[in-house]
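Let me begin by presenting the structure, written as structure tokens, before commenting on it.
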Amino acid sequence: MVTNAATYGRSGTHDFIMIRATAIIMALYTFYFVGFVAFNDLTYQVWSDFFASTGNKVFTLLTLIAIVIHAWIGVWQVLTDYVKSTGLRGALQFILTTTAFIYALVGFVVLWGL
């Protein structure tokens, strides 16, 4: 059996399920957020109360994690399909994945006010 060292033990089925699961989480959050914006008069107080809720913070954090996982798998798939140079692919993957994690970290700090 041939194994690919670039997959780190993942399979295509695992990636497929993770992409779909994270897409569902992101879609649910989008509907939730659009519903909030559509049905509320947005003032600073309403916005502040919305993001002060622990449930909303957890849902937002779950969505941020889903975005990072979705981006990580998507970047890996696109780069392995279209960038043939191993060095360039590794550098791009490192830069883009690091950027996604930094965005998630900043989102976490802003969300929880640490």
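Residue numbers count from 1 along this sequence.
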Checklist entry - With Phe50, which residues qualify under ring pair (Phe, Tyr, Trp, His ring centres under 6.0 Å), at least two apart? => result Tyr32, Phe36
Checklist entry - Hey, does the side chain of Thr97 reach the backbone of Phe94 with a donor-acceptor pair shorter than 3.5 angstrom? => result no
Checklist entry - Do the side chains of Ile95 and Phe101 join up, straight or via other hydrophobic residues, at under 4.5 Å, putting them in one cluster? => result no
Checklist entry - Which ILVMFWY residues are connected to Phe31, directly or by a chain of links, through side-chain heavy atoms under 4.5 Å apart? => result none
Checklist entry - What are the two closest non-hydrogen atoms of Val46 and Asp41, and how far apart are they? => result CG2-O, 3.7 Å
Checklist entry - Is there a path from Met26 to Trp76 through hydrophobic residues (I, L, V, M, F, W, Y) whose side chains come within less than 4.5 Å of each other? => result no
Item to check | Heavy-atom pair of closest approach, residues Lys57 and Phe51 | outcome: CE-O, 3.1 Å
Could you give the side-chain donor-acceptor pairs of residues 59-67 under 3.5 Å, partners two or more places apart or in another chain?
{"from": "Thr60", "atom 1": "OG1", "to": "Tyr29", "atom 2": "OH", "distance (Å)": "2.9"}
{"from": "Thr60", "atom 1": "OG1", "to": "Asn56", "atom 2": "O", "distance (Å)": "2.8"}
{"from": "Thr63", "atom 1": "OG1", "to": "Phe59", "atom 2": "O", "distance (Å)": "2.8"}

Donor-acceptor pairs under 3.5 angstrom involving side-chain atoms of residues 81-92: please list them, not counting sequence neighbours.
{"from": "Lys84", "atom 1": "NZ", "to": "Asp81", "atom 2": "O", "distance (Å)": "3.1"}
{"from": "Ser85", "atom 1": "OG", "to": "Leu88", "atom 2": "N", "distance (Å)": "3.4"}
{"from": "Arg89", "atom 1": "NH1", "to": "Val83", "atom 2": "O", "distance (Å)": "2.9"}

Contacts table for residues 18-25: side-chain donor-acceptor under 3.5 angstrom, sequence neighbours left out:
{"from": "Thr22", "atom 1": "OG1", "to": "Met18", "atom 2": "O", "distance (Å)": "2.9"}
{"from": "Thr22", "atom 1": "OG1", "to": "Ile19", "atom 2": "O", "distance (Å)": "3.0"}
{"from": "Thr22", "atom 1": "OG1", "to": "His70", "atom 2": "ND1", "distance (Å)": "2.7"}

Checklist entry - Can you name the nearest heavy-atom pair linking Val68 to Ala104, along with the distance? => result CG2-CB, 3.4 Å
Item to check | Any residue meeting side chain to side chain donor-acceptor pair (under 3.5 Å) with Asn40, in chain and number order, not counting sequence neighbours | outcome: none
Checklist entry - Is the Tyr103-Trp72 ring centre distance short of 6.0 angstrom? => result no
